[in-house]
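Here is the structure we will look at.
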Amino acid sequence: MSDLKPARVRFAPSPTGRFHIGGARTALYDFLLARQTGGQFILRIEDTDRKRYVPGAEGEIMESLRWLGLDWDEGPDIGGPYRPYRQSERTEFYQQHAENLVARGHGYYCFCTPERLSQLRKQQQKLKQPPRYDGHCRRLDPEEARGRVADGESFVIRFKTPREGSTTAVDLLRGPITVENSTLDDYILLKSDGLPVYHLAAMVDDHMMKISHVFRGSEWLPTFPLHVLIYEALDWEQPIWVHLSIFLNPSGKGKMSKRDAGVNEIYVLDLKQMGYLPEGLLNWIALMGWSYDDRTEFFTLDELIEKFSLQKLHPSPAAVDYKKLDHFNGNHIRSLAPDELADRLRPYLKMEGLEVNEGILQQITPLVQERIRTLDEAADIAGFFFHKTVEPDPSELIGKNMTREESIVATRRSYEVIESLPTIEVEPLEAALRVLAEEMNLTAGQLFGILRIAITGQRISTPLIESMEVIGKQEVLNRITRAVDLLESQAER
RNA sequence: GCCCCCAUCGUCUAGUGGCCCAGGACGCGGCCCUCUCAAGGCUGAAACCGGGGUUCGAACCCCCGUGGGGGCACCA
C-alpha cells in the first residue's frame, strides 16, 4: 500500500449502451487507486437520460466489472453510506442544489422552448456565430420567474456563467487550463423533466459522495471549466481531476467507436466470449495511457495495484492494438497453473460442442498451454482428443515427397511397431518411431507428418507423440487402421 | 466556423537539460531450436513533426506553424 491518503474514487458509467474497453480502463484506474491507497471504489450509475436508457446495460456493466475482478465497495446493488448510487433515485438532491444555485445568483430559470432554441441555433449558424444561448431568460426578474414557475410553466435551470473574465481548471496530467468565460455557455443544469444533466448531477454526487479523484474521459475537457465554476459557485472543494485520453481506432484515425464493433471487438463481454482472459485484457488496457518503467510490461492485477501511480499516466490518445492484446493474453495463459487453465478451458471446449472428458482435459492442458493465445483456440488445436473418430483428408495422408504406396507401407509398419510396444509412453514410442523412420529412409518429419494426419486429422496439432500417449494405444491403432483404409481405397479409385 | 487537448520507431511507450548518434514491448525480417503449430533464444530494419528562440548544451523549456484528436444538445 502506498503512503497516499485513502482515495475515494468512483466509476460512473451511463447505462446507454454496451460496456467497452474504454470504460474498462477508466474503471481499472479507479480501482487501482482505491485499492492501492486503501480507499473505496464506488460504482455509480448515471441514468438521468431517460431517452437513451438501455435496459440491461446496467447489468452488463456489472457483469463485465465482476468478470474483470474490479469489485466495488459501494454501489447500486450493495448500497453504502452515500446511497442511493443510481442518479435516477437522487433527483431531490439535484433539484435542491439547482435551486440553491438560483438563490445564490449563479443560476436562473429559463422558459425558452426547444423550438426557440433550435431556431436560435439555426440563425447563429447562418451568421457563423458560435451556437450559444442568447441570455433571453437571464435578464428576467427573479421574482417574476419564480411566479411563472409557481404557475406551473415549464422551465429549465441554467447556469449563470460569468460574462467576463476567465476560468482556470487544473488537470493532473495537463496542468492549468484557462479559458475565457465568454467562450462558455449558460448550460442547462436541470431539464424540464426535473432531471439533471451530467454537469449538475456528477458535480453534486462527487461532492456528496466525497470523491477525492475524478477519472473521466478527455471528452469532458471542453466543459471542465464549467464544472469548476459550479464547484466555486457552491463553495465546494474540488477533487483532483484526471482526464484520461480516449482510445483511437487501430488505424489511429478517429476515436474507437461502435462502428468498430464486429470488425474489432471493443466490448468486454465479447472479448470474454472470444477467449481472452481478464488478466490479459487488464494488462493490455492498463498499459494504454500508463506505464511503469522502460522494461516491465507483464502485470497481474495485484502487481498493478502495487505499481500504479498517477505520475506515470500519459495524456495523449492511444490507438488500440489487438495484436498486443493477443500477446498479453498468451503470456497470461502460459503463466496460469495447469489446473487453473483446465478450468478456464472447459467452457470454451463445451461451447464448441465437444464432450469434455476430465481425465483427457487434465492431460492435454500442458500440451495446449504453450501454443494458444486465446482460450477458444484450444478447440482448434486439440478438439480431436474429444472426437470419437477423425476424418483425415486422404490426400493429406501421403507423406511429403512420398508416393501413395510408400505412405501405405509407412503407415502399416507404424501400426506394427506401435502394436508391438507394451505401452506407448512418450519415450519408448518416440524412440521406436524414429528407428522405424530411419529403417525406411524417411525423415522423422515425413513419418510424423503422416501419423499426425492419421491420428489428429489435422495439419496443426499438439505434439504428436504426447498426443498419442494421451489418446491411448488402442485408439491410436484404430485411427492408423482407418488411415490405411483411406489410403488404400483411394489407391483403388 | 469557434473552443480545448495532444505530438518519440507502423503501434503502445521509456525518457522530465548533459547518462540518448534515443531504451523496451507488439508487429515485421533473418538465424537457432524443432514431429506440425507455437513457445523460447539470438539478431536486423524502424522514431525525437517543422521552424524559430532560451542555454555552454535540448527529445526534454518557450513561441509560431503543421498534423492528429476531442467538444460545441433539455446526451453522457
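Here is the naming used below: chain letters follow the sequence lines, and residue numbers restart at 1 for every chain.
- On the P atoms, B/G18 is 26 Å away from B/C12, given to the nearest whole Å.
- Nearer the 5' end of RNA chain B, as judged by each residue's closest nucleotide, is the contact made by A/Ala319, out of A/Leu190 and A/Ala319.
- Using the Watson-Crick or G-U wobble rule with both distances under 3.5 Å, B/C26 pairs with B/G10.
- Across all strands shown, B/A59 forms no Watson-Crick or G-U wobble pair with both key distances under 3.5 Å.
- Among the nucleotides B/G71, B/C5, B/U11, the one closest to any side-chain atom of A/Leu221 is B/C5.
- Residues A/Gln129 and A/Glu466 both approach RNA chain B. Their nearest nucleotides, taken by heavy-atom distance, put A/Gln129 toward the 5′ side.
- Across all strands shown, B/C72 forms a Watson-Crick or G-U wobble pair with B/G1, both key distances being under 3.5 Å.
- Using Watson-Crick or G-U wobble geometry with both donor-acceptor distances under 3.5 Å, B/C49 finds its partner in B/G65.
- The side chain of A/Thr48 places an N or O atom within less than 4.0 Å of a non-bridging phosphate oxygen (OP1 or OP2) of B/A76.
- OP1 or OP2 of B/A73 has not a single side-chain nitrogen or oxygen of A/His199 nearer than 4.0 Å.
- Contact check, A/Arg373 against B/A39: a side-chain N or O comes under 4.0 Å of OP1 or OP2.
- Checking the phosphate oxygens (OP1, OP2) of B/A14, no side-chain nitrogen or oxygen of A/Arg295 falls inside 4.0 Å.
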Return all side-chain donor-acceptor pairs below 3.5 angstrom for residues 106-114 of chain A, not counting sequence neighbours, or 'none' if the list is empty.
from, atom 1, to, atom 2, distance (Å)
A/Tyr108, OH, A/Asp186, OD2, 2.6
A/Tyr109, OH, A/Glu99, OE1, 2.4
A/Thr113, OG1, A/Arg116, N, 3.1

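- Residues from residues 455-464 of chain A placing a heavy atom under 4.0 Å of any atom in RNA chain B, listed by number, are A/Arg459, A/Ile460, A/Ser461, A/Thr462, A/Pro463, A/Leu464.
- Ring pair A/Tyr292/A/Trp290 is tilted by interplanar angle, where 30° to 60° counts as tilted.
- Look at A/Lys312 and you'll find a side-chain N or O under 4.0 angstrom from OP1 or OP2 of B/G15.
- B/U16: no Watson-Crick or G-U partner with both key distances under 3.5 Å is found in any strand.
- Annotation: B/U8 and B/A25 have their C1' atoms spaced 15 Å apart (nearest Å).
- When both pairing distances are held under 3.5 Å, B/A38 makes no Watson-Crick or G-U pair with any nucleotide shown.
- The side chain of A/Arg371 contributes no N or O atom lying less than 4.0 Å from OP1 or OP2 of B/G40.
- Taking only side-chain nitrogens and oxygens, A/Arg334 comes nearer than 4.0 Å to OP1 or OP2 of B/G40.
- Side-chain atoms of A/Ser14 lie closest to B/A76 of the nucleotides B/G71, B/A76, B/C75.
- Between A/Ser245 and B/C6 there is no side-chain polar atom (N or O) within less than 4.0 angstrom of OP1 or OP2.
- Checking the phosphate oxygens (OP1, OP2) of B/C75, a side-chain nitrogen or oxygen of A/Lys191 falls inside 4.0 Å.
- Nucleotides B/A46 and B/U54, compared at atom C1', are 32 Å apart to the nearest Å.
- Using bins of under 30°, 30° to 60° and over 60° for the plane-to-plane angle, the ring pair A/His227/A/His199 lands in the tilted bin.
- Taking a cutoff of 4.0 Å between a charged side-chain nitrogen and a carboxylate oxygen, A/Asp293 and A/Lys307 do not qualify as a salt bridge.
- Between A/Lys323 and B/U11 there is no side-chain N or O to OP1 or OP2 distance below 4.0 Å.
- A donor-acceptor contact under 3.5 Å links the side chain of A/Ser192 to the base of B/C74.
- Rounded to the nearest Å, the gap between the C1' atom of B/C33 and that of B/A58 is 46 Å.
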